[in-house]
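Every chain is numbered from 1 and lettered A, B, ... according to where its sequence line falls, protein lines coming before strand lines. On a predicted model such as this, the values are computed, not experimentally measured, just so you know.
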Protein chains: 2
Amino acid sequence: MAVTISDVARAAGVSKGAVSYALNGRPGVSDVTRQRIVEAAKQLGWKPSLRAKGFSSSKAYALGLVVARDLKLLGTDPFFPAFIAGIESTLSEHEYALVLTIATDPDAEERSYRKLVEGGRVDGVILTDMRNDDSRIALLRELKLPAVTLERSDTPSPFTALRTDDTDGITAAVDHLIGLGHTRIAHVGGAQAYVHGRSRRLAWERALSAAGLPADLFADADFTASGGVTATEALLRRPDRPTAIVYANDLMATAGQSFALTHGFTVPGDLSITGFDNAEFAQYLNPPLTTISSDPLRWGRLAAAVLLDQLAGTHDGQDIVLPPPRLLVRGSTGPVRFSTT
Amino acid sequence: MAVTISDVARAAGVSKGAVSYALNGRPGVSDVTRQRIVEAAKQLGWKPSLRAKGFSSSKAYALGLVVARDLKLLGTDPFFPAFIAGIESTLSEHEYALVLTIATDPDAEERSYRKLVEGGRVDGVILTDMRNDDSRIALLRELKLPAVTLERSDTPSPFTALRTDDTDGITAAVDHLIGLGHTRIAHVGGAQAYVHGRSRRLAWERALSAAGLPADLFADADFTASGGVTATEALLRRPDRPTAIVYANDLMATAGQSFALTHGFTVPGDLSITGFDNAEFAQYLNPPLTTISSDPLRWGRLAAAVLLDQLAGTHDGQDIVLPPPRLLVRGSTGPVRFSTT
DNA sequence: TTCCATTGCTGAACCGGTTCAGTAAATCCA
DNA sequence: TGGATTTACTGAACCGGTTCAGCAATGGAA
């Protein structure tokens, strides 16, 4: 039905092999012949069949992304859509496609990777939400599946990582609060099993230490809204309650802010609040949320580009370091009102 | 490297063809032989190569989803992640994969579909965000790409649609407000080019008419937060300003509520507010948002199932009607306080 | 007993590319 | 000028399944 390489070969008066060489920029064809073949291909509107290519070259011409997240988090996270859009923008330039899998339970995650490999669906995968002691690294080594990771797990990994310093965003937030006179600055942490959960916490600790302040107001949570509420409540109940809370993401910050407001605290009067992610709704809260913004589109674009380079053998394996996230100061942070003891 | 059909054939002492017939449940093999072949395949751990299958049968064993949305909307919309998860849950049972494309500009959308077809990436696609006069319908007919649509466009379409009555959700919201004594109930509409934007508006109009109330407080918007703010401002400036606003989605409602609060209105005292979608953050606003919740997971599951049925030729082409969305009453709606003239 | 139909299987073609061994012609070098 | 090397191309094998024509064996009907 569609035009095949044989049609082109016939039209150009050469063999299939010659067409293949010519169109793939391989040597072994003279310039005149190449020109003639290219012309014939254009004339006939030949699009090489990806299926045939994939079959004969054992490639999928696709990358995979397995997202293992609670749906409640996925639906409010501005990171993923933009990240995926970034991946796409790179892939579409290279005739690659993105195969997306959502794994809702932990077992499903491993099964997803195995299926992607067994089915020969993808040539490589992008790992997000890196965990400390991340089992996926061993899994992918076993499956011999090329990968790129977002951030580095503490598990030694042979895969190229895209890194940034979450540090800088959190540091900027803490410094901003210190500049406003706050001394009791708490942190509501994201799940500490995740690299970004932990690194944000460590950044908060270091920033306080650097200013000679104690980092003792920590409440563990899990990036969810309800977790944010619980953690906020615990912090606000303390006799030495904080005058500012640095949250590990916008969803927890939103929930925390709402909790504080409904319990008689004013924001930022009694309590300053910062988030992380720059979710679209965050600037439409009352007060709008001071938050930290990274560039997920760029992350996605780069992650895909690095992985493709790696598949082509043109990447040196060096980690890529991305610019640090930016602090967006909005209404939820203000000068400390009075100093309680 | 991997075990192929020839290995199985050799092990079972039959021809490749026999193996193919046996494992695909086709006639032409005796039960004993079939049993022996199945045994041999299991023994060797044979997984038929999807690539080879796809190549020889001209199938992709994958469905496509092209998302053409502003990133700002995608990142806050709880619908898509859950919808995709639903698709996945069906596909994973059928050895199908999901190829996801994000199209950021209108031209990119058409290009995406064309690429999916030309590359033979997918066997069918799921259309979301149906528009009135939707150009994709003609495009997919031209491309001969099977599809399932979410909601029906007014453009006649040969594709099976999954339908529901947005009507019921909005009607419930309006009735709830009327029950609270409201008579000036406004609507901040989503982009009217979309089927769901328009149907929500019509539902609002009908519900008011049914109660003998005028449907004159309409402000057009586009589902975005900033659009929601502008529309809200316009409504609240009117001399006959509403005592309740029904928004077409949660993001606009959130932005609208924040706008109202910062301009001296109390919610729900001066103004009751309802959203649509049940975004995770919506219940953590202050006050928490009364909203309308559908079941995107189920939608996804069904959409994929119907499309697969269709590809297998076992679907009758009838539209699928889904249960109506539910109203979730929370703090942003309350009794009307006083009646202005 | 003969003829026909059915069952169960084989062998080969086929899908549309890539890749490699082989060959004829052109070019180079001594 | 002759031999070696290089260039430009062909033909065929190959990837791993599906599918179909054909054939032998079996069973049933006449």
Query raised in the report: Is there side-chain contact between A/Ile84 and B/Leu100, with at least one heavy-atom pair below 4.5 Å?
Result: yes

Query raised in the report: Between A/Ser57 and C/dG17, does any side-chain N or O lie under 4.0 Å from OP1 or OP2?
Result: no

Query raised in the report: Which class fits the ring pair A/Phe55 and B/Phe55: parallel under 30°, tilted 30 to 60°, perpendicular over 60°?
Result: parallel

Query - A/Gln318-A/Thr160 side chain donor-acceptor pair, cut-off 3.5 Å - result: no

**Report entry** Rounded (10°) bend between the five-pair end axes of the helix from C/dT1-D/dA30 to C/dA30-D/dT1
**Finding:** 40°

Report task. Could you state the atom-to-atom distance from CZ of A/Phe55 to P of D/dG16 in whole Å? Result -> 6 Å

Requested in this report: Check each of A/Arg131, A/Arg114, A/Arg69 against A/Glu109 using the salt bridge (charged side-chain N to carboxylate O under 4.0 Å, His left out) test, and report the only one that passes.
Outcome: A/Arg131

Requested in this report: For residues A/Val148 and A/Leu127, determine if any side-chain heavy atom of one lies less than 4.5 Å from a side-chain heavy atom of the other.
Outcome: no

Query raised in the report: Any idea which heavy atoms bring A/Leu44 and A/Ala11 closest together, and the distance?
Result: CD1-CB, 3.9 Å

Query - Nearest heavy-atom neighbours spanning A/Ala12 and A/Ala40 - result: CB-CB, 4.0 Å

Query raised in the report: Do A/Val125 and A/Leu140 have side-chain heavy atoms sitting under 4.5 Å apart?
Result: yes

Query raised in the report: Between A/Tyr194 and A/His196, does the ring centre distance come in under 6.0 Å?
Result: yes

Query raised in the report: What is the distance from CZ of B/Arg10 to P of C/dG11, rounded to the nearest Å?
Result: 13 Å

Query raised in the report: Do A/Leu91 and A/His94 touch side chain to side chain, with heavy atoms closer than 4.5 Å?
Result: no

Query raised in the report: Given D/dT10, is OP1 or OP2 found less than 4.0 Å from the side-chain N or O atoms of A/Ser15?
Result: yes

Query - d(CD1, B/Ile5; P, D/dG16) in whole Å - result: 11 Å

**Report entry** 5' priority, DNA chain C, between B/Ser56 and B/Arg36 [closest heavy atom]
**Finding:** B/Arg36

Query raised in the report: Which whole-number value in Å describes the distance from A/Tyr61 OH to D/dC15 P?
Result: 17 Å

**Report entry** Sub-4.0 Å heavy-atom contacts from residues 16-29 of chain B onto DNA chain C, ordered by number
**Finding:** B/Ala18, B/Gly28, B/Val29

Query raised in the report: Can you check the B/Leu50 CG to D/dT18 P distance for me, whole Å?
Result: 11 Å

Query raised in the report: Distance check: side-chain N/O of A/Ser6 vs OP1/OP2 of C/dG16, anything under 4.0 Å?
Result: no

Report task. Figure out the CZ/P separation between A/Arg34 and D/dT7, and round it to whole Å. Result -> 13 Å

Query - Atom pair distance, as rounded to whole Å: CD in A/Glu118 and P in D/dG16 - result: 16 Å

Query - Close residues, residues 38-46 of chain A, relative to DNA chain C [heavy-atom separation under 4.0 Å] - result: A/Trp46

Query - Spacing between A/Ile37 atom CD1 and D/dA8 atom P, to the nearest angstrom - result: 12 Å

**Report entry** B/Trp46 and B/Asp7, any side-chain heavy atoms less than 4.5 Å apart
**Finding:** no

Query raised in the report: Contact class for A/Gly120 vs. all strands (heavy atom < 4.0 Å): base, sugar-phosphate, or nothing?
Result: nothing

Report task. Fit a plane to each ring of B/Phe80 and B/Phe83, take the angle between them on a 0 to 90° scale, and name the class: parallel (under 30°), tilted (30 to 60°) or perpendicular (over 60°). Result -> perpendicular

